[in-house]
Amino acid sequence: MAEPRKLRGHKATATCCIASRDRPGLVATSGEDGCICWFDMRCKDVQFIMDVSNDPISSLSFKSGNEDIIYVSSEKEIKCFDLHKLDGASWKPLGSYNYNKDEINQIACNSRSSFLASADDTGDVKIIDIHQHCIYKTLRAGHASICSSVQFIPWRPWEVITGGFDSKLIMWDFSKGHPCKILDFGLPEMNGCSTAGQCFNPAFVHALAVPDVDMSDKLGRICVVARGDGVVDVINIESELTDVKSKSSIKSRKGTQSVSKHRNSW
């Protein structure tokens with residue numbers, strides 16, 4: 001078995017890794033040393049290192065459609081950098097966003113490059129309007145604990161999915177600011193413990209992955225959920241949302257029938 005390749009550049013724990021879609025082989029990593037390391041997989045050594053923060057960097061996200069722009073989260077702040085305008089001496093950001101009230105765990109840019117989402121330790125998710133440079137919506141009262149991860153649903157332009165340390169996976173309509181569907185992996189019928197040992201580890205949601213719209217036909221319109229109990233769930237997003245609509249339709253019909261009966265009794 002070949003020895004795995006090691007990408008060296010950080011002086012402390014590496015916290016995030018993202019790969020470029022536009023430039024095959026280009027990988028960016030962040031760390032608790034406040035640095036971003038850029039690697040070209042065709043080369044042996046790190047290409048260059050951006051020293052951008054005195055605090056740990058928790059998450060990175062390319063701007064969809066323009067990967068010269070990268071968003072970087074550190075503590076409660078998100079910074080935006082243009083790689084073409086960096087001179088190597090001072091890593092000055094294009095701008096920054098300071099809307100989160102607690103430490104940010106993950107950021108994500110939607111496929112249209114119009115919104116940026118940031119999930120934080122309060123359980124809130126901030127939806128930022130990139131074009132207007134302002135807060136668009138705050139998604140709150142969904143997670144009772146840390147919101148660890150957030151991803152946009154590419155084929156549903158007004159929906160986002162989040163996971164948290166309350167063991168919940170939530171699908172949101174962020175235009176309205178309310179959940180469309182909540183899955184609680186902490187419930188006995190949902191936790192799917194396969195061994196006794198795993199049952200002692202809560203089913204916290206640690207990470208999410210949603211395929212890009214151009215991959216959804218091959219992979220399915222799914223969300224992959226990495227949980228603290230060792231289980232990795234593959235959720236069919238469309239089936240879950242269809243189930244919500246069908247239940248709402250049934251309730252609506254029942255409500256109509258009860259009103260009709262009430263009227264007929266007069």
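All values derive from a computational prediction rather than experimental measurement. Side chains are part of it too, since the values below use all heavy atoms of this structure and drop only hydrogens, waters and symmetry mates.
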Any heavy-atom pair between the side chains of [Y] and [X] that's under 4.5 Å?
| X | Y | result |
| --- | --- | --- |
| R221 | W155 | yes |
| M41 | V27 | yes |
| V160 | V125 | no |

Task: All pairs passing side chain to side chain donor-acceptor pair (under 3.5 Å) where residues 54-65 contributes a residue, at least two apart - done: S58-S73

What heavy-atom pair brings [X] and [Y] nearest, and what distance separates the two atoms?
| X | Y | answer |
| --- | --- | --- |
| C223 | V210 | SG-CG2, 4.0 Å |
| L208 | I161 | CD1-O, 3.7 Å |
| G9 | I49 | O-CD1, 3.8 Å |
| C109 | F62 | CB-O, 3.6 Å |
| T29 | C17 | CG2-SG, 3.9 Å |
| P211 | P154 | O-CG, 3.5 Å |

Is the backbone N or O of [Y] less than 3.5 Å from a side-chain atom of [X], with the two atoms forming a donor-acceptor pair by type?
| X | Y | answer |
| --- | --- | --- |
| E75 | P56 | no |
| T15 | S30 | yes |
| N110 | S114 | yes |
| D212 | D214 | no |
| K79 | V52 | yes |
| D33 | K11 | yes |
| D173 | H178 | no |
| D129 | F115 | no |
| S167 | D184 | no |
| D40 | R42 | yes |

TODO: Look at atom CZ of R5 and say whether more than 12 heavy atoms of other residues, nucleotides or ligands are closer to it than 6.0 Å.
DONE: yes

Task: Evaluation steps, side chain to side chain contact (heavy atoms under 4.5 Å, CB included), between T162 and L169 - done: CA-CA 6 Å; T162 63; L169 182 75; over 6 Å; no

Under 4.5 Å between side-chain heavy atoms, counting indirect links through other Ile/Leu/Val/Met/Phe/Trp/Tyr residues: same cluster for [X] and [Y] or not?
| X | Y | value |
| --- | --- | --- |
| I104 | L116 | yes |
| Y71 | Y99 | yes |
| I170 | I127 | yes |
| W158 | M171 | no |
| V224 | V213 | no |

Could you measure the distance from the [atom1] atom of [X] to the [atom2] atom of [Y]? Nearest 0.5 Å is fine.
| X | Y | atom1 | atom2 | result |
| --- | --- | --- | --- | --- |
| N105 | C147 | CG | SG | 7.5 Å |
| L241 | I153 | CG | CD1 | 6.0 Å |
| I128 | I78 | CD1 | CD1 | 4.0 Å |
| I237 | I222 | CD1 | CD1 | 8.0 Å |
| D102 | D120 | CG | CG | 6.0 Å |
| K44 | R8 | NZ | CZ | 10.5 Å |

- [ ] Might you work through the salt bridge (charged side-chain N to carboxylate O under 4.0 Å, His left out) test for D68 and R23, ending with a clear yes or no?
- [x] CA-CA 11 Å; D68 290 328; R23 304 181 182 94; 2.4 Å; yes

Please output the side-chain donor-acceptor pairs of residues 130-137 that fall under 3.5 Å, not counting sequence neighbours, one pair per line with the distance.
from, atom 1, to, atom 2, distance (Å)
H133, ND1, Y97, OH, 3.4
H133, ND1, I130, O, 3.4
K137, NZ, S175, O, 3.2

Open item on the list: Side chains of K126 and T138 only: does a donor on one sit below 3.5 Å from an acceptor on the other?
Closed with: yes

Task: Donor-acceptor pair between S20 and E67 side chains, under 3.5 angstrom - done: yes

TODO: List the steps, then state whether side chain to side chain contact (heavy atoms under 4.5 Å, CB included) holds for S149 with V205.
DONE: CA-CA 8 Å; S149 47; V205 177; 4.0 Å; yes

Please determine if [X] and [Y] form a salt bridge, counting it only when a charged side-chain N lies under 4.0 Å from a carboxylate O.
| X | Y | result |
| --- | --- | --- |
| D121 | K76 | no |
| D233 | R227 | yes |
| E238 | R156 | yes |

TODO: Could you check whether the rings of F48 and W38 sit parallel, tilted or perpendicular, using 30° and 60° as the cut-offs?
DONE: parallel

Task: ring pair (Phe, Tyr, Trp, His ring centres under 6.0 Å) between W91 and F81, intermediate numbers included - done: CA-CA 8 Å; W91 309 105; F81 294 91; 8.0 Å; no

Task: side chain to side chain donor-acceptor pair (under 3.5 Å) involving E103 - partner list, sequence neighbours excluded - done: none

- [ ] Evaluate side-chain hydrogen bond (donor to acceptor under 3.5 Å, both in side chains) for S118 paired with N100, printing each intermediate quantity in order.
- [x] CA-CA 8 Å; S118 57; N100 292 81; 2.7 Å; yes

- [ ] Would you check, one step at a time, whether the test ring pair (Phe, Tyr, Trp, His ring centres under 6.0 Å) holds for F165 with H206?
- [x] CA-CA 7 Å; F165 284 8; H206 286 272; 5.0 Å; yes

TODO: Go through the steps for D166 and I146 under the test side chain to side chain contact (heavy atoms under 4.5 Å, CB included), then give the verdict.
DONE: CA-CA 7 Å; D166 53 1; I146 291 170; over 6 Å; no

- [ ] Assess whether side chain to side chain contact (heavy atoms under 4.5 Å, CB included) is satisfied between K85 and L94, documenting all intermediate values.
- [x] CA-CA 9 Å; K85 296 183 179 180; L94 285 178; 4.2 Å; yes

Task: Sub-6.0 Å ring centroid separation between F174 and F152 - done: yes

